[in-house]
Amino acid sequence: MHNFKFHTVSDSSETGKAILSQVRNNYGFVPNLFAFMAEAPVTVEAYLTLTRMLDKLSLSPQQSQLALLAISKENGCDFCTVAHSTMGKIKGASDITIDEILADQKITDDSDRALVQFARVLTEKRGWLDEQDLRAFFEAGFEQKHVFEVILIAAIKTLSNYSNHLTKPEVNPELLAMGKNQ
């Protein structure tokens, strides 16, 4: 497999240095995902911009993290699965639901189950949903706007999950430590 370059603030292009410095300032460290993405700094910028948009969703931060986690798990992205199980706990998502997603178990909370199932099916079917998929989501109280918000979440995860599949970043010790503190 091709070896992708792992960038640091000191060895990146000028644009890469600026974006990785911003990442380090925001997170307190540079997640390894971004160290690889910095080969094309615009990709890091796109990821960060899209991620900031999550704050504008009508889905709660907890729901957003559950959808991010479900899609990452569905795509088999270990790095993002760790990241979003950690961030989900930090944002106050249900520990039970997070554990159920990680263990591929049935989600016990009705609303969480509908959201997680919708995110999984959207990913699995690559957006080619049928009326039954939508009906189950809507019957759980979600609205049409939530469909498009989950699509945005899927776009974010496509960017990071596919990048991680190719580069295979190790999970940062800082990220692991954040998860242990929750």
- Please report the closest heavy-atom contact between Leu152 and Leu50, naming both atoms and the distance. CD1-CD2, 3.7 Å
- Message: Quick check on Gln105: does its CD atom have over 12 non-hydrogen neighbours (other residues, nucleotides or ligands) under 6.0 Å away?
- Response: yes
- Message: For a 4.5 angstrom cut-off between non-hydrogen side-chain atoms, does Phe138 reach Val147?
- Response: yes
- Query: Looking only at atom types and distance, does a side-chain atom of Glu45 sit under 3.5 Å from a main-chain N or O of Ile19, one as donor and one as acceptor?
  - Reply: no
- Carefully, step by step, assess Leu102 and Leu69 under the rule side chain to side chain contact (heavy atoms under 4.5 Å, CB included). CA-CA 8 Å; Leu102 294 174; Leu69 175 58; 4.0 Å; yes
- Taking Gln65 for its side chain and Ala93 for its backbone only, find out whether a donor-acceptor pair lies under 3.5 Å. no
- Task: Start with the C-alpha gap between Thr51 and Ile156, add the side-chain angles, then the distance that decides, and say whether side chain to side chain contact (heavy atoms under 4.5 Å, CB included) holds.
- Result: CA-CA 7 Å; Thr51 300; Ile156 293 167; 4.0 Å; yes
- Report yes or no: do Thr15 and Ser13 form a side-chain donor-acceptor pair below 3.5 Å? no
- Message: Could you go through Phe29 and Met178, starting from their C-alpha distance and side-chain angles, then the distance that decides it, and tell me whether this counts as side chain to side chain contact (heavy atoms under 4.5 Å, CB included)?
- Response: CA-CA 12 Å; Phe29 65 99; Met178 289 169 65; 4.0 Å; yes
- Query: Say you draw a straight line from NZ of Lys73 to CG of Asn161; how long is it, rounded to the nearest 0.5 Å?
  - Reply: 12.0 Å
- Pair listing, salt bridge (Lys or Arg N to Asp or Glu O under 4.0 Å) test, anchored in residues 113-123, at least two apart: Asp110-Arg113
- Message: Would a single hydrophobic cluster contain both Ile96 and Ile98, if residues Ile, Leu, Val, Met, Phe, Trp and Tyr are joined by side-chain heavy-atom contacts under 4.5 Å?
- Response: no
- Quick one: pull up CZ in Phe6 and CD in Glu39 and give me the separation to the nearest 0.5 Å. 13.0 Å
- Leu54 side chain reached by Pro61 side chain, heavy atoms, under 4.5 Å: no
- Atom NZ of Lys5 and atom OG of Ser12: how far apart are they, to the nearest 0.5 Å? 6.5 Å
- Query: Which heavy atom of Ser111 sits nearest a heavy atom of Gln63, and at what distance?
  - Reply: OG-NE2, 4.3 Å
- Query: With no hydrogens and no angle check, is any side-chain donor or acceptor of Asp11 less than 3.5 Å from a backbone partner on His7?
  - Reply: no
- Could you state the interatomic distance from CG (Leu122) to CG (Leu129), rounded to the nearest 0.5 Å? 5.5 Å
- Message: Show the nearest heavy-atom pair for residues Phe118 and Phe137, with the distance to one decimal.
- Response: CB-CD1, 3.4 Å
- Note on the structure: side chain to side chain donor-acceptor pair (under 3.5 Å) with Thr97: of Asp112, Asp109, Thr108, only one passes, and it is Asp112
- NZ/Lys145 to CG/Leu59 distance, rounded to the nearest 0.5 angstrom? 9.0 Å
- Message: For the backbone of Asp130 and the side chain of Asp133, can you confirm whether one donor and one acceptor N or O come within less than 3.5 Å of each other?
- Response: yes
- Item | Close side-chain approach of Leu115 and Ile107, heavy atoms under 4.5 Å | no
- Query: At their closest point, which heavy atom of Glu170 faces which heavy atom of Phe79, and how far apart are they?
  - Reply: O-CE1, 3.4 Å
- Item | Closest approach of Ala38 to Val44 (non-hydrogen atoms, all atoms of both residues) | N-CG2, 3.7 Å
- Query: What's the spacing between Leu159 CG and Thr43 OG1 if we round to 0.5 Å?
  - Reply: 6.5 Å
- Query: Should Tyr162 and Tyr47 be regarded as members of a common hydrophobic cluster, given that ILVMFWY residues are connected when their side-chain heavy atoms come within less than 4.5 Å of each other, either directly or indirectly?
  - Reply: no
- Leu68/Cys80 under side chain to side chain contact (heavy atoms under 4.5 Å, CB included): CA gap, chis, key distance, verdict: CA-CA 8 Å; Leu68 289 159; Cys80 287; over 6 Å; no
- Task: Answer yes or no: is there a donor N or O on one side and an acceptor on the other, between the side chain of His146 and the main chain of Gly141, under 3.5 Å?
- Result: no
- Item | Under 3.5 Å donor-acceptor, Asn164 side chain and Leu33 backbone | no
- Closest heavy-atom pair and its distance - Ser163, Met37: OG-CE, 3.7 Å
- Message: Within the 4.5 Å heavy-atom criterion, are Lys157 and Glu74 side-chain neighbours or not?
- Response: no
